[in-house]
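Structure first, then comments.
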Amino acid sequence: MASPFSGALQLTDLDDFIGPSQECIKPVKVEKRAGSGVAKIRIEDDGSYFQINQDGGTRRLEKAKVSLNDCLACSGCITSAETVLITQQSHEELKKVLDANKMAAPSQQRLVVVSVSPQSRASLAARFQLNPTDTARKLTSFFKKIGVHFVFDTAFSRHFSLLESQREFVRRFRGQADCRQALPLLASACPGEVFRLLEEEGVSLPDLEPAPLDSLNKDFQEVTLEKEGQVLLHFAMAYGFRNIQNLVQRLKRGRCPYHYVEVMACPSGCLNGGGQLQAPDRPSRELLQHVERLYGMVRAEAPEDAPGVQELYTHWLQGTDSECAGRLLHTQYHAVEKASTGLGIRW
């Protein structure tokens, strides 16, 4: 039977998912009926399903179709790695550590650090009708009162991510300048700016002609940088799995002109993420727009000009292109061998 999922999205060769194996299977659709009571399901030899009611009557069940929306809205396919992270960093675990620290000598206490993302801060500010700065200060005060040692804003670590992404992009762009089938650099965080690349290439920003490509889809946007009618760089932003799917299909067909693509799984990015606070009495679109306005209130700054960044590069990372910086700020991915389990067998 043909898979209902796009080949770009179908999960294969993964062994990190908790059963039932790699395939998300929602075999039957059971419609609730008033007074139906408890019923059993019988599976026939041909794979069809029948509901057996308490009175002995049977009814053939319709096979359910799993759409992409069903898949993304389901919390059943959580990976074991995510389960470990959630368990280790749950509020119960945090309370347990903080309570243990209260009973321990200062030298025996565990160091507790809390990091807060700008997106979560904007969501909390919208819920409690505060501005982002007051929200950050109140969060810091709260965590310090319950025993947290340090509270950090992840916007600071984002500066390092942006700078390292810029350097990696420059290296890839120069190394693949003559390759027509070179894959773009895919980023899962905002690329922020391309000024460093322009400086490295000896291009003056005022000499460039910005050429935004209009799009009715705000979650898929393209931008080119041109000089004298020649396209120098081609960027794209793809938010949401539908746009990511289209991007992957273009990559497979060799029709992807981009040099750099920012990818986010959630439509509208992290501000519309699954962990954001919801308001039952407020339309979701209106809430998102309010959160976006609060998020935009925080002044953006160039990562290389942020206080403390260059100092940490010099004294902690031993330079911008050092072995230490590469080891601490970068990671690597490898293929996972497919594990054969009984759950993957079709009887």
Side-chain angles (χ1 to χ4, degrees), residues 3-11 14 17 24 26 65-79 82 85-86 116-127 132 135 154-155 158 161-162 165 183-193 212-224 234-253 255-298 300:
S3 171
F5 292 100
S6 161
L9 296 178
Q10 188 174 10
L11 298 173
L14 298 176
F17 275 75
C24 173
K26 187 170 129 183
K65 295 180 179 180
V66 182
S67 68
L68 184 58
N69 288 334
D70 293 327
C71 182
L72 299 180
C74 175
S75 60
C77 290
I78 186 169
T79 68
E82 290 168 338
L85 290 175
I86 293 173
V116 181
S117 71
Q119 293 85 357
S120 299
R121 185 179 59 212
S123 180
L124 288 166
R127 167 62 67 88
T135 302
T154 59
R158 184 170 58 185
S161 176
L162 289 170
S165 296
L183 295 175
L185 179 62
L186 301 179
S188 59
C190 178
E193 59 179 90
L213 304 182
D214 296 331
S215 173
L216 298 178
N217 180 2
K218 72 171 187 177
D219 285 328
F220 187 86
Q221 299 184 23
E222 301 172 285
V223 173
T224 60
H234 202 162
F235 297 89
M237 179 191 78
Y239 287 2
F241 270 94
R242 179 177 299 177
N243 292 314
I244 295 174
Q245 180 185 24
N246 293 334
L247 173 67
V248 172
Q249 294 294 346
R250 295 181 70 174
L251 285 170
K252 286 187 172 183
R253 298 189 185 103
R255 298 177 180 177
C256 183
Y258 311 117
H259 298 94
Y260 198 114
V261 183
E262 177 186 281
V263 178
M264 293 287 187
C266 298
S268 299
C270 296
L271 293 175
N272 193 36
Q276 297 289 69
L277 295 174
Q278 302 299 316
D281 57 342
R282 193 172 189 180
S284 57
R285 178 169 296 184
E286 179 183 329
L287 176 62
L288 175 60
Q289 291 174 348
H290 183 44
V291 173
E292 289 175 341
R293 286 194 297 269
L294 290 170
Y295 181 78
M297 289 174 60
V298 180

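Just the heavy atoms: all of them, side chains too, but no hydrogens, waters or symmetry mates, feed the values below.
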Using residues 265-284 as the side-chain source, report each donor-acceptor pair under 3.5 Å to any protein atom, sequence neighbours left out, with the distance given to one decimal.
unit_1: Asn272; atom_1: ND2; unit_2: Pro267; atom_2: O; d: 3.0
unit_1: Gln276; atom_1: NE2; unit_2: Gln119; atom_2: O; d: 3.0
unit_1: Gln276; atom_1: NE2; unit_2: Leu271; atom_2: O; d: 3.4
unit_1: Gln278; atom_1: NE2; unit_2: Gln276; atom_2: O; d: 3.2
unit_1: Arg282; atom_1: NE; unit_2: Glu286; atom_2: OE2; d: 3.1

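Partners of Ala125 under the side chain to side chain contact (heavy atoms under 4.5 Å, CB included) rule, at least two apart in sequence or in another chain, are Thr135, Leu294. Applying the side chain to side chain donor-acceptor pair (under 3.5 Å) criterion to Thr154, with sequence neighbours excluded, gives no partner residue. With sequence neighbours left out, the ring pair (Phe, Tyr, Trp, His ring centres under 6.0 Å) criterion links Tyr258 to His234. Applying the side chain to side chain contact (heavy atoms under 4.5 Å, CB included) test to Arg253 and every residue at least two apart in sequence or in another chain returns Gln249, Arg255.
If you take CZ on Arg293 and CD on Gln289, they are separated by 6.5 Å, rounding to the nearest 0.5 Å. Note that CG of Asn243 is 13.5 Å distant from CE of Met264, once rounded to the nearest 0.5 Å. In this structure, the separation between CD on Glu262 and OH on Tyr239 is 3.5 Å, given to the nearest 0.5 Å.
The minimum heavy-atom distance between Pro132 and Arg121, with the atom names listed, is O-CD, 3.4 Å.
Contact of the Leu247 side chain with the Cys256 side chain is registered, since non-hydrogen atoms from C-beta on lie closer than 4.5 Å.
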Please step through side chain to side chain contact (heavy atoms under 4.5 Å, CB included) for the pair Leu183 and Leu251, ending with a clear verdict.
CA-CA 8 Å; Leu183 295 175; Leu251 285 170; 4.0 Å; yes
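For Ser120 and Ser123, the side-chain atoms include no donor-acceptor pair closer than 3.5 Å.
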